[in-house]
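Position 1 is the first residue of the sequence; numbering continues from there.
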Amino acid sequence: MKNLALENLSVTELVNHFTTLALEQYQAELRDDIASYNRLYDKIVLIRDALKERPGDQRRALVPLLGHPNPQVRLKAALYTLAVEPKAARQILQDISDRNEYPQAAYARETLAAIERGDSRLT
């Protein structure tokens with residue numbers, strides 16, 4: 001996926017692509033296909049960055065995904081909206097943790113602990 005291609009997509013198209021990739025990542029994790037999971041991670045990060053670079057930081061467009069039925073989509077949306085919607089993002093991380101939605105719950109707990117420590121790499 002080239003950045004140039006992402007630059008030509010609308011915010012809505014980026015969010016839709018983000019959702020699709022997160023769902024594929026969920027399936028890769030279920031299959032224990034780490035290589036695919038990691039490749040999908042890289043693509044999701046490119047979309048996050050493309051949204052962040054848009055005027056007004058369009059990562060807020062991911063907020064509706066906080067209500068998605070899939071825990072991986074919710075997790076990724078929460079992680080990437082922490083800087084722009086911290087209260088809502090933290091609540092979703094807490095919800096994933098409280099529901100013990102594994103393996104996402106473990107990552108949600110790690111992220112919440114990092115927030116408590118003041119880890120600045122979360123933006």
For the [atom1] atom of [X] and the [atom2] atom of [Y], what is their distance to the nearest 0.5 Å?
X: S36; Y: Q27; atom1: OG; atom2: CD; answer: 11.5 Å
X: D33; Y: N38; atom1: CG; atom2: CG; answer: 9.0 Å
X: I92; Y: H68; atom1: CD1; atom2: NE2; answer: 12.5 Å
X: D98; Y: R109; atom1: CG; atom2: CZ; answer: 7.5 Å
X: L79; Y: Q104; atom1: CG; atom2: CD; answer: 10.5 Å
X: Q72; Y: I96; atom1: CD; atom2: CD1; answer: 8.5 Å

Is there a path of hydrophobic side-chain contacts, each under 4.5 Å between heavy atoms of I, L, V, M, F, W or Y residues, that connects [X] with [Y]?
X: L30; Y: Y41; answer: no
X: Y102; Y: L93; answer: no
X: L62; Y: V11; answer: yes
X: L23; Y: I47; answer: yes

So, for [X] and [Y], which heavy atoms are closest and what is the spacing to 0.1 Å?
X: A105; Y: S97; value: CB-CA, 4.0 Å
X: I44; Y: Q25; value: CD1-OE1, 3.5 Å
X: L112; Y: R90; value: CD2-O, 4.0 Å
X: R54; Y: S10; value: NH1-C, 3.9 Å
X: A77; Y: T81; value: O-OG1, 2.8 Å
X: L14; Y: L9; value: CD2-CD1, 3.8 Å

Checking K76 against Y107 for the side chain to side chain contact (heavy atoms under 4.5 Å, CB included) test, could you report, in this order, the C-alpha distance in whole Å, the side-chain angles of both residues, the deciding distance, and whether it holds? CA-CA 10 Å; K76 297 311 253 185; Y107 198 82; 5.9 Å; no
I want to check something: taking the side chain as every heavy atom from C-beta on, are V73 and L75 in contact at a cut-off of under 4.5 Å?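 They are not in contact (no side-chain heavy atoms under 4.5 Å apart), so the answer is no.
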If you apply the rule side chain to side chain contact (heavy atoms under 4.5 Å, CB included), what do you find for L51 with R48, and how did you get there? CA-CA 5 Å; L51 289 167; R48 178 206 60 197; 5.8 Å; no
Check step by step if side chain to side chain contact (heavy atoms under 4.5 Å, CB included) holds for R74 and L66.
CA-CA 5 Å; R74 289 194 318 274; L66 296 175; 5.7 Å; no
